[in-house]
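Note that this is a predicted model, so its numbers are computed, not measured. These numbers come from the heavy atoms of this one structure, side chains and all, not from hydrogens, waters or symmetry mates. Per chain, numbering begins at 1; letters A, B, ... match sequence-line order.
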Amino acid sequence: MTEAIASRLPPLPRAFFARPTTTVARELLGKLLVRRPAGRPALVARVVEVEAYLGVRDAASHARRGPTPRAAIMFGPPGFLYVYLIYGMHHCMNFVTETDGVAGAVLIRAAAPLVGFGGDGGDRRARHPLTGPGKLCAALAITRANNGHDLTAGRDFFVADDGSPAPRRARSARIGVEYAGEWAARKLRFFDARSPYVCGA
DNA sequence: CAGCGGATGTGCT
DNA sequence: GCACATCCGCTGG
């Protein structure tokens with residue numbers, strides 16, 4: 001995989017995101033994140049860990065309180081980026097799912113470095129680790145300035161399928177949602193069972 | 001390796 | 001006004 005090849009792959013279309021959130025979450029495993037920050041080298045990483053947030057009925061989702069100013073984007077059309085600030089200092093990125101009017105999003109928690117992170121191909125202790133939602137956003141230069149970005153437009157940031165076989169999938173409860181009552185136990189975290197880049201937590 | 005504190009937006013009271 | 005958050009790096013034992 002090279003930057004030139006990854007950049008030429010077509011972005012996943014809106015129809016990919018316009019499906020049930022758990023389906024989108026599972027199928028995102030193994031897809032490529034292609035990031036081209038302005039004036040800086042391109043970055044490519046493979047998704048290895050995600051979580052599904054199922055909208056208004058999901059006590060762990062930011063959408064649980066309805067379309068508040070922060071969460072409104074999750075109620076809109078699919079294929080857009082929802083970025084929020086957590087604990088006052090870390091960013092987390094989500095891809096909006098479901099049809100327009102129905103809230104849903106997939107949190108991207110970890111990815112395997114492919115291009116542009118130093119020691120291409122995969123030094124686990126790379127300078128910019130992608131293991132964890134906050135570190136992933138930092139490494140890909142994603143901040144709240146990117147909130148609302150159209151992932152299907154395929155410019156600065158998009159998702160692509162390079163044709164690699166789907167990874168062996170595993171699932172578990174989501175991280176950091178203990179407050180969510182019965183929803184805390186739901187196995188809505190999906191990860192590549194064989195990847196060393198899955199977040200330990 | 002458990003514990004803790006950082007720094008701020010968000011949503012409820 | 002205020003408690004708390006889809007986290008992470010540092011500290012001390």
Could you work out which one of [options] sits closest to the side chain of [X]?
| X | options | result |
| --- | --- | --- |
| Pro69(A) | dC7(C), dG11(B), dA5(C) | dG11(B) |
| Tyr87(A) | dG11(B), dA5(C), dG9(C) | dA5(C) |
| Leu85(A) | dG11(B), dT8(B), dC7(C) | dT8(B) |
| Arg70(A) | dG9(C), dT10(B), dC7(C) | dT10(B) |
| Thr68(A) | dG11(B), dG6(B), dG9(C) | dG11(B) |

If I take atom [atom1] in residue [X] and atom [atom2] in nucleotide [N], what distance separates them, rounded to the nearest angstrom?
| X | N | atom1 | atom2 | answer |
| --- | --- | --- | --- | --- |
| His90(A) | dG9(B) | NE2 | P | 15 Å |
| Asn94(A) | dC7(C) | CG | C1' | 14 Å |
| Glu178(A) | dC4(C) | CD | P | 14 Å |
| Leu107(A) | dC7(C) | CG | P | 8 Å |
| Arg64(A) | dC12(B) | CZ | C1' | 11 Å |
| Tyr179(A) | dG11(B) | OH | P | 12 Å |
| Met89(A) | dC4(C) | CE | C1' | 13 Å |

Under 4.0 Å between a side-chain nitrogen and a carboxylate oxygen: does that hold for Arg14(A) and Asp150(A)?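 The answer is yes: the pair qualifies as a salt bridge.
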Can you see which heavy atom on Thr97(A) is nearest to which on Ala105(A), and at what distance?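 Looking at all heavy atoms of both residues, the shortest contact is OG1-N, 3.3 Å.
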Provide the Watson-Crick or G-U wobble partner of dG9(B), both distances under 3.5 Å; none if there is no partner.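 dG9(B) is paired, partner dC4(C).
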Could you tell me the separation between the CG atom of Leu32(A) and the CZ atom of Phe158(A), rounded to the nearest 0.5 Å?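 Result: 8.5 Å between the selected atoms.
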Please confirm whether the backbone N or O of Phe16(A) pairs with a side-chain atom of Arg19(A), one donor and one acceptor, at under 3.5 Å?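 At least one qualifying donor-acceptor pair exists.
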5' precedence on DNA chain B between Arg65(A) and Gly88(A) (nearest-nucleotide basis):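 Comparing both residues, the 5'-ward one is Gly88(A).
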Closest-nucleotide mapping onto DNA chain B: is Ile86(A) or Arg144(A) further toward the 5' terminus? I mean the 5' end.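 Taking each residue's closest nucleotide, the earlier one in sequence belongs to Ile86(A).
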Just by distance, with hydrogens left out, do Ser195(A) and Arg46(A) show a side-chain donor and acceptor under 3.5 Å apart?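 Side chains of Ser195(A) and Arg46(A): no pair found under 3.5 Å.
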